[in-house]
2 protein chains.
Amino acid sequence: MGIKYTILGLLQYKDMHGYRIKEHIERNFGHMWSINYGQIYPNLKKLEEEGLITMKEVVQNDEKGPPRKLYSITQKGREEFVRWLESSPEKSMILRDPFLMRFVFFGFGDPDRALELIDEQISVYQEQLGRRQANLQRWKHGSIFVNLIAELGTDMNQMILDWLEKARKELVHHFCTDEAGIKKTVKMNEK
Amino acid sequence: MGIKYTILGLLQYKDMHGYRIKEHIERNFGHMWSINYGQIYPNLKKLEEEGLITMKEVVQNDEKGPPRKLYSITQKGREEFVRWLESSPEKSMILRDPFLMRFVFFGFGDPDRALELIDEQISVYQEQLGRRQANLQRWKHGSIFVNLIAELGTDMNQMILDWLEKARKELVHHFCTDEAGIKKTVKMNEK
DNA sequence: CTTTCTATATATTAAAAGTATATATAGCGG
DNA sequence: CCGCTATATATACTTTTAATATATAGAAAG
């Protein structure tokens with residue numbers, strides 16, 4: 001889904017080699033999505049075949065490591081990129097969450113364990129939120145677009161945390177009204 | 001990612017055939033994720049091979065259409081399902097958004113067009129929010145878990161709308177301070 | 001000087017997921 | 001009888017993910 005154009009977009013900023021492309025994406029957009037080497041190298045090859053980028057040179061590494069292939073975008077690539085950039089997205093947001101997939105069926109499992117899993121998820125998102133807020137400060141002077149996306153990341157994180165806490169409360173109440181002996185659990189889990 | 005367990009989970013509620021599984025997922029969780037026949041039938045076959053479900057019977061359709069294969073979960077399937085249900089998720093949420101992928105690079109395109117795309121996205125989410133809120137009413141008396149997930153869907157929708165409007169304002173301001181002649185555009189897009 | 005470790009770099013393969021397409025059955029309306 | 005729609009099973013192909021392979025080079029330890 002648009003990996004080609006993401007790579008083209010990055011090469012508009014500056015020339016890059018494959019390893020650096022993944023690094024850049026992870027650093028700047030890692031909170032929103034990620035990319036794999038299995039996607040990068042085949043797409044670089046394809047873009048080159050289509051004449052949208054060229055492999056400029058193979059340079060010896062300054063620091064350490066093997067020689068690297070530096071890619072740059074062509075004029076044809078710039079035009080194709082803008083054509084895509086100004087087209088309407090063909091699909092809406094796709095979301096996959098192994099936790100939510102479990103959440104739907106929590107009625108089938110052990111209520112105690114369900115609450116534990118929610119607590120784990122709350123911890124994960126709290127930690128991630130802290131990292132994202134720290135990153136926000138770092139990126140304040142960068143691109144307004146990256147900044148706004150980072151804000152979306154923290155907004156989303158906060159929203160999910162709020163929902164998790166609300167869901168937890170309602171489930172504690174729901175489990176509590178069951179004939180199951182979980183009152184002790186409710187008490188233990190209350191702060 | 002867990003398609004097998006989603007199918008197992010649905011078969012805990014009641015026996016179903018392949019076509020109905022997709023229908024059920026689209027109706028109850030369509031706001032969060034979707035599934036394709038290309039995922040359903042191979043996984044049904046695999047689950048049967050693993051002894052987690054059985055193909056109970058082939059029944060002639062009452063209404064119309066061809067005969068259908070009714071699947072039901074086995075005891076082994078129930079145990080495997082609960083094992084998965086009570087395990088910690090192995091990954092975090094995955095998010096893919098063709099619009100956000102473009103948003104990041106809006107600095108390269110035409111500012112007018114960028115604002116148009118944002119306006120389109122706002123329309124899409126507003127419409128989706130209306131549908132989700134209507135669905136919320138319908139599901140109020142159903143499973144508390146499905147209900148909470150539906151609430152998450154509307155919460156997320158509202159959050160994204162808020163962010164889009166905030167982003168739009170900041171971008172209008174950002175573009176306005178450019179040396180580009182977009183003041184007219186700013187004026188036309190103001191309500 | 002050699003070995004081990006780490007970071008950096010290119011790349012491929014297998015499995016899983018997602019998309020598109022094919023084929024079939026049956027009722028209904030023209 | 002034909003065309004359309006809904007219902008139903010299923011496969012082929014593409015994309016993504018995860019894992020793995022191979023390589024280079026500096027630094028540290030022995």
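Note on naming: letters A, B, ... go to the chains in the order of the sequence lines (proteins, then strands), and numbering restarts at 1 for each one. Since this is a predicted model, take the numbers as computed values, not measurements. Just so it is clear, the values below take in all heavy atoms, side chains as well, and ignore hydrogens, waters and symmetry mates.
B/Y37 has no side-chain polar atom (N or O) that falls below the 4.0 Å cut-off from OP1 or OP2 of D/dA10. Under 4.0 angstrom from either OP1 or OP2 of D/dA8 there lies at least one side-chain N or O belonging to B/R20. Not one side-chain nitrogen or oxygen of B/K22 sits closer than 4.0 Å to the OP1 or OP2 atom of D/dA8. For C/dT19, one of the phosphate oxygens OP1 or OP2 lies less than 4.0 angstrom from a side-chain nitrogen or oxygen of B/N36. Put simply, A/K69 has a side-chain N or O that comes within less than 4.0 Å of OP1 or OP2 on C/dA11.
The six-membered or imidazole ring of B/F103 lies near that of B/W163, with a centre-to-centre distance under 6.0 Å. A distance of 6.0 Å or more separates the ring centres of B/F99 and B/Y125. Aromatic ring centres of A/F108 and B/F145: separated by at least 6.0 Å.
Annotation: cation-pi pair A/K22/A/Y37 present, NZ/CZ under 6.0 Å from the ring centroid and within 45° of its normal.
Between B/I7 atom CD1 and B/K46 atom NZ the span is 10.5 Å, to the nearest 0.5 Å.
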Next item on the list: Go through A/F105 and B/Y5 one step at a time and tell me if the ring pair (Phe, Tyr, Trp, His ring centres under 6.0 Å) criterion holds.
Entry: CA-CA 10 Å; A/F105 298 110; B/Y5 298 108; over 10 Å; no
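Where B/I35 and A/Y71 meet DNA chain C, the nucleotide closest to each residue was compared, and A/Y71 sits on the side nearer the 5' end.
A single hydrophobic cluster is not seen to contain both B/I160 and B/V124; linkage of ILVMFWY side chains at heavy-atom distances under 4.5 Å, directly or through other members, places them apart.
Listed nucleotides D/dA8, D/dT17, C/dA9 differ in distance to B/K91; the shortest reach to its side chain belongs to D/dT17.
Using a 4.0 Å cut-off between a side-chain N of Lys or Arg and a carboxylate O of Asp or Glu, B/D155 and A/K166 qualify as a salt bridge.
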Notebook entry, point to check: Just by protein heavy atoms under 4.0 Å, how would nucleotides 23-29 of chain C read 5' to 3' in B, S and -?
Noted result: -BBSS--
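Taking every heavy atom of residues 38-46 of chain A and every atom of DNA chain D, pairs under 4.0 Å involve A/G38, A/Q39, by number.
Checked by atom type, the side-chain pair A/Q137/A/Q133 shows no donor-acceptor distance below 3.5 Å.
Rounded to whole angstrom, the span from the CD1 atom of B/I21 across to the P atom of D/dT7 amounts to 16 Å.
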